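Structure, as structure tokens:
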Amino acid sequence: MPQTDEKLLASKISPLIKTRSLGHTLHILDEIPSTNDWAMQLASEGASHGEVLISDSQTSGRGRLGRQWFSPPGVNIYLSVILRPKVPLERCSQLTLVVGAATSEALSEMTGQAILLKWPNDLLCSEMKLGGILCEAIIQDQSLTGVVAGIGINVSMKRVDFPQDLRTQATSLCEITEQTIDRNRVIAQLLNSMERWYQRWLDGGWGEIIQYCNERNALQGKRVLLTSGRESHKGIVQKINEEGHLELQLDSGETKTFLEGDTTII
Ligand code: BTN
């Protein structure tokens, strides 16, 4: 695996951060099982809103639905942010789309390319997976005290560096821009963007977030197979609705919305 010379350094990230609350405390390690698990641990010990955990590699990086997240050293971003919003509990599930919008905007601005959202948590460029988001609830004494927002972005991986099964489905920032990318700069831009979208969300901008997600919806108008638990449905994607759920027009003609699920374009 080719590694870039550039190391993950707080001294390079911090001067580029223009936020009020996110990323003022940066924890950076060379290796950890999973930054989300690490964030959960620190959160349970009282870590504050906005603390960011970054690792150069993960030995048990996790994706959605218990999948493994390929996390080799020196080439990608594995980052988790502790968020402690003071909002009603049910709103916290909206954070996957808030973080998705922020990540899509940051990466689109950096690359000059359309980075789309594949509901609920994938980031795609030209239908290839560039990254993903894994938001998990922080539960303390049986109540929700925050959310860990985990972000994985493929940065300097070349096509041959991906395992065989991902090679035709995954891409990286350096592949799509044909340029060398400094991970420190991407991290700062991500946090700056995340703070703007998070603040917008707190300020009642959920409708605007949904609109943005629909404008960047990689599944819009596509025929998909959606699996959710033991159920699977085929239909055409209509939109992400005002609750952040995916609306499909099923083959039967019926319109149905899904709160969660895994989609494949067919
Ligand atoms: C997905 O697409 O299924 C979500 C992938 C999320 C991966 C990130 S990498 C940083 C954080 N730590 C983890 O173990 N997972 C998330």
Side-chain angles (χ1 to χ4, degrees), residues 8 13 22-23 26-44 47 51-83 93 95-104 106-107 115-125 127-138 146-157 161-163 165-166 168-173 183-184 186-187 190-191 194 213 216-219 224 226-228 244 246 260-265:
L8 294 169
I13 301 169
L22 300 190
L26 298 172
H27 304 267
I28 304 180
L29 284 181
D30 284 338
E31 187 182 280
I32 193 85
S34 151
T35 58
N36 266 30
D37 292 349
W38 182 23
M40 233 21 118
Q41 174 67 33
L42 292 198
S44 74
E51 291 194 31
V52 172
L53 301 94
I54 305 166
S55 185
D56 190 55
S57 67
Q58 300 183 117
T59 51
S60 307
R62 291 185 290 110
R64 245 175 100 240
L65 308 171
R67 292 183 185 133
Q68 187 192 348
W69 187 256
F70 184 56
S71 309
V75 283
N76 295 329
I77 291 172
Y78 319 111
L79 166 155
S80 300
V81 186
I82 295 171
L83 300 172
S93 62
L95 280 167
T96 299
L97 291 179
V98 176
V99 175
T103 310
S104 151
L107 299 182
I115 309 301
L116 302 184
L117 286 163
K118 177 170 171 274
W119 180 93
N121 72 317
D122 286 353
L123 293 147
L124 304 188
C125 182
E127 301 187 3
M128 307 274 270
K129 185 151 171 168
L130 183 61
I133 289 152
L134 182 65
C135 285
E136 297 180 302
I138 305 169
V147 168
V148 167
I151 306 176
I153 310 286
N154 301 328
V155 180
S156 302
M157 304 242 303
D161 302 332
F162 286 104
D165 56 326
L166 297 180
T168 54
Q169 303 161 31
T171 190
S172 67
L173 292 176
R183 288 179 294 169
N184 296 295
V186 181
I187 289 169
L190 270 177
L191 294 173
M194 205 198 278
C213 291
R216 305 262 162 168
N217 183 358
L219 299 175
V224 297
L226 184 145
T227 47
S228 175
L246 192 70
E260 56 171 18
D262 201 34
T263 50
T264 316
I265 298 174

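Just so we're clear, the structure is a prediction, and the values are computed from it rather than from any experiment. Remember, it's 1-based here, ligands and their atoms both numbered in the order they're listed.
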*Under 4.0 Å between a Lys/Arg side-chain N and an Asp/Glu carboxylate O for D262 and R64?*
yes
_Residues, nucleotides or ligands: over 12 heavy atoms within 6.0 Å of E31 CD_ = yes
*Considering only heavy atoms, which protein residues lie less than 4.0 Å from any atom of ligand 1?*
S34, T35, N36, Q58, G61, R62, G63, R64, W69, Y78, L79, S80, N121, D122, K129, G132, I133, L134, G150, I151, G152
*Which residues pass the side-chain hydrogen bond (donor to acceptor under 3.5 Å, both in side chains) test with T35, sequence neighbours left out?*
Q58, S80
*Applying side-chain hydrogen bond (donor to acceptor under 3.5 Å, both in side chains), name anything that partners K118, two or more places apart in sequence or on another chain.*
none
*Parallel, tilted or perpendicular: ring planes of H27 versus W38, cut at 30 and 60 degrees*: perpendicular
*Can you name the salt bridge (Lys or Arg N to Asp or Glu O under 4.0 Å) partners of R216, sequence neighbours left out?*
none
